[in-house]
Amino acid sequence: MKRITNYLIAMALMAFTFTSCEDVPSPFGQILPPGGGDEVETFTPEGSGTQADPFNVQGVLEYVTGLGADVQSDKDVYIKGYVTTIKEQYSAQYGNAQFTISDSKEGGNTFTFYRGLYLGNKKWVDGDLTLNEGDEVIICGKVVNYKGTTPETVQNAAYLYSLNGKTEGGGGGGDTPTPTPTEAKAVSVSDFLAAAESTDTWYQLTGTIKNLKDGDQYGNFDIEDATGSVYVYGLLSEKGGEKKKFQELVTAKGIANGKKITIHANRGAYNGTPQATNAYFVSIEEGSGGDTPTPGGASGTGTKDNPFNIAAAIAKCKEIGETASSEKYYIKGIVVTGGTVSGGYGNVTFKMGDTKDATDLFTAYQVAGSDGEKLADGYEVKTGDEVIVYGPICNYKGNTPETSGKSAAQIVTINGKKTNDTGGGSTTGADGSTIISVADFNAAAESTDVWYQLTGTIKNLKDGDQYGNFDLEDATGSVYVYGVLSEKGGAKKKFQDLVAAKGIANGKKITIVGNRGSYGDKIEVLNAYFIKVE
C-alpha cells in the first residue's frame, strides 16, 4: 500500500493559513517530509467508507477534501488506521476522546477523531479499555474538512467502532469471532485446522487459553473454542515482534489459563500436526477466566523498600480480616479507577491493580497527601498513574481489600512524585492558579475568572512573533496559546523582549498561567502570562 515518491506537491489540506487569530498555527500541526528531506512517505487511497469496506486514512483525506471547507458529510463513514497521538484520553468526566490516526504506526498522514464516543456509540465509563498509541482502530461518524485545513470527525457525531478487533453490540453471536480491519480472516478453530498450510494467509482465532506453563517465555499454549483445539507455537506481542518477550505481554495484558484471547496467525504444522505459527497478540477479553488473581502472583513484603504488589496486598487484607491493622504497609499498583478530591475533606478514593486492565482490585480509601496533608478540591488521581500508598489496611465487610479511611493512610508518590510536588497532580501554582495537565485544561469549562498553570514544550512558534502565539504540548496533549505576556496584565507586542530576556524558543519547556478560552470550537489559552522557561 505504501510507496516512496518525490515530494512534488504540498497537499492543500496541509498548507495552513489560519486568520481567525493573529499568527495562529494549525492546532493539529502539519505533515512534513520525514527527516526534512525532499521525499515523503505517501499512501494509496483505499476503501469506500462502508462498514464492510472502511476508508483507510488516505482514502478519507481525499474524501473530505472533495467535500470542501467546513462541509459536513451527509452520512456516517467508517475509517481504519493506527492511533498515533492521543490528545484527550477517554475518561468518565465526558466519556469521549480526541486522537489522531494514520495508515502507519509511525504516522505520516493524519486524520483527527475529534471528541467522539466510545465503542457501541456510548460514553466511556470506568472499567472500559483506554487507548494506546499503536492501537488498530475503526472509527465511524460524520466527517468535515474544518476550515479547509483540518480533516476530522464532526464533534459529538462520531464514535469508536472497533479497538484492536473489539466491538460492542456487533450482533454476530455464535462462535464466529468478529472480523478485524486487517488482512486476517476470522475463522473457527475447526476451520483453521482444515485450512491449507501457508505463511501468506493470516487467520484470526478467538478461544480459551489452555495448558500455558508458568514462566513460559515464548507463549506456547493451546487455544480452544467450541469447535476444537489447536496448539499456538509462540505468541508475539505484535506482528513481527521479538521472541522471548511473552512474560512482558503476560504482565501487561493479564494473560493466563482460562482467559479468552484473540490472535492472528498462519496455519502451520509440525510433523503433520496443525499448529498456529507466527502468531501475534490482538486482544484479551476483560474479566474472562484466569487461574490467578493477577499475573505473576503476590510479591513484596509491605515495607518502604519492598512494597506489596496488589496481589500481595489483597492476600494480606484477607489474612487481617475486617478490623484495620495496627501495622502500616506500603502498597504499589496502577490506578484502574481514578478519583477526585471534593467536598473539602482533603482525601481521595481510587482503585488499584497490578496492571491498568486488572480486575482484582485494592481500594485506596480516603487517603491523604504525601506528608499527611489535606488535598485541595479538584486534585485528581488518574487511571494509569503508578501509585504507592502507606497506611493500615483491612478487608472491609470481608469482601473489599482497602486502606483504613478518614485519612489514616496517605499517598507516598504518584508517578514517582509526592502530591505536594508541583509536577504531580493538580495543586496550587502561581497567583493561586491550579496546576493542571493540558488534557485536563482542554476538558475544563471556559472562564476568564479561573486561572490555570500549564507546563509543556513550545511548538510551532514563528520567528519574530511579537505576540507569543504557539502550541504548548505535554504528555497528555496539545493546546494553542493565544499570546503570552511578560507578566499578568502586561503590554502586548512585547514578546520579542521576553524572548531575548528568557531565551524562549521551539523545543524549550515553558510554564505559563492563563484562562481556558476558545475560538469557534477550538480550545485556546487566553490572557496568558509568562512564569518560567527551562
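All residue numbers in this chain count up from 1 along the given sequence.
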Checklist entry - Would a 4.5 Å heavy-atom cut-off, applied to side chains only, mark K382 and V335 as touching? => result no
Item to check | Exercise: identify the closest heavy-atom pair between K316 and Y329 | outcome: CE-OH, 3.3 Å
Checklist entry - Are D128 and K122 ion-paired here, with the side-chain N under 4.0 Å from a carboxylate O? => result no
Item to check | D225 (side chain) donor-acceptor with G207 (main chain) under 3.5 angstrom | outcome: no
Checklist entry - Can you tell me if Q89 uses its side chain to pair, donor with acceptor, with the backbone of L131 under 3.5 Å? => result yes
Checklist entry - So, does S370 use its side chain to make a donor-acceptor pair with the main chain of V412 at under 3.5 Å? => result yes
Next on the checklist: So I331 and P307, do their side chains get closer than 4.5 Å, heavy atoms only?
Outcome noted: no
Checklist entry - For Y365, does the OH atom have more than 12 heavy-atom neighbours from other residues, nucleotides or ligands under 6.0 Å away? => result no
Checklist entry - Which atoms form the tightest heavy-atom contact between I388 and K332, and what is the distance? => result CG1-CG, 3.8 Å
Item to check | Beyond-backbone contact of N109 with S102, side-chain heavy atoms, under 4.5 angstrom | outcome: yes
Checklist entry - Stepwise, does the side chain to side chain donor-acceptor pair (under 3.5 Å) test hold for S325 with E327? => result CA-CA 5 Å; S325 63; E327 187 175 354; over 6 Å; no
Next on the checklist: Before you tell me yes or no, could you show the steps for V230 and L193 under side chain to side chain contact (heavy atoms under 4.5 Å, CB included), namely the whole-Å CA-CA distance, both residues' side-chain angles and the distance that decides it to 0.1 Å?
Outcome noted: CA-CA 7 Å; V230 65; L193 295 172; 3.6 Å; yes
Item to check | Sub-4.5 Å side-chain heavy-atom contact between F111 and V143 | outcome: yes
Item to check | Test log, rule side chain to side chain donor-acceptor pair (under 3.5 Å), inputs S283 and N164 | outcome: CA-CA 6 Å; S283 65; N164 294 324; over 6 Å; no
Next on the checklist: Can you list everything that forms a side chain to side chain contact (heavy atoms under 4.5 Å, CB included) with N506? Sequence neighbours excluded, please.
Outcome noted: I458, L461
Item to check | Any side-chain heavy-atom pair of L160 and L119 under 4.5 Å | outcome: yes
Next on the checklist: For S190, is there any backbone N or O sitting under 3.5 Å from a side-chain donor or acceptor partner on T227?
Outcome noted: yes
Item to check | Modelled atom types, side-chain donor and acceptor of D200 and S198, under 3.5 Å | outcome: no
Checklist entry - Minimum heavy-atom separation for G333 to M352, with atom names? => result N-CE, 3.4 Å
Checklist entry - So, do Y270 and Y233 have ring centers that fall under 6.0 Å from each other? => result no
Item to check | Donor-acceptor pair, side chain of K259 and main chain of G254, under 3.5 angstrom | outcome: yes
Checklist entry - Mind checking whether W124 and Y118 have parallel, tilted or perpendicular rings, split at 30° and 60°? => result perpendicular
Item to check | Verdict with reasoning, V57 to T110, per side chain to side chain contact (heavy atoms under 4.5 Å, CB included) | outcome: CA-CA 7 Å; V57 172; T110 301; over 6 Å; no
Checklist entry - What closest approach, in Å, do V336 and G353 show between heavy atoms, and which atom pair accounts for it? => result CG2-N, 3.6 Å
Checklist entry - Of L205, T206, I284, which is the lone residue that meets side chain to side chain contact (heavy atoms under 4.5 Å, CB included) with T262? => result T206
Next on the checklist: Give me the atom names and distance for the closest heavy-atom approach of F362 to T403.
Outcome noted: CZ-N, 3.6 Å
Item to check | Atom CD of E242: over 12 foreign heavy atoms under 6.0 Å | outcome: no
Next on the checklist: For the backbone of E386 and the side chain of N415, can you confirm whether one donor and one acceptor N or O come within less than 3.5 Å of each other?
Outcome noted: yes
Checklist entry - Step by step, would you call Y330 with Y390 a ring pair (Phe, Tyr, Trp, His ring centres under 6.0 Å)? => result CA-CA 4 Å; Y330 288 85; Y390 173 67; 4.2 Å; yes
Item to check | Main-chain N/O of F221 paired to N211 side chain as donor or acceptor, under 3.5 Å | outcome: no
Checklist entry - Any donor and acceptor pair, going by atom type alone, linking the side chain of Q247 with main-chain N or O of D216 inside 3.5 Å? => result yes
Checklist entry - Between S48 and D53, is a side chain to side chain donor-acceptor pair (under 3.5 Å) present by the stated rule, with each step listed? => result CA-CA 6 Å; S48 58; D53 184 31; 3.1 Å; yes
Item to check | Shortest non-hydrogen separation from A312 to S299 and the atoms involved | outcome: CB-O, 3.3 Å
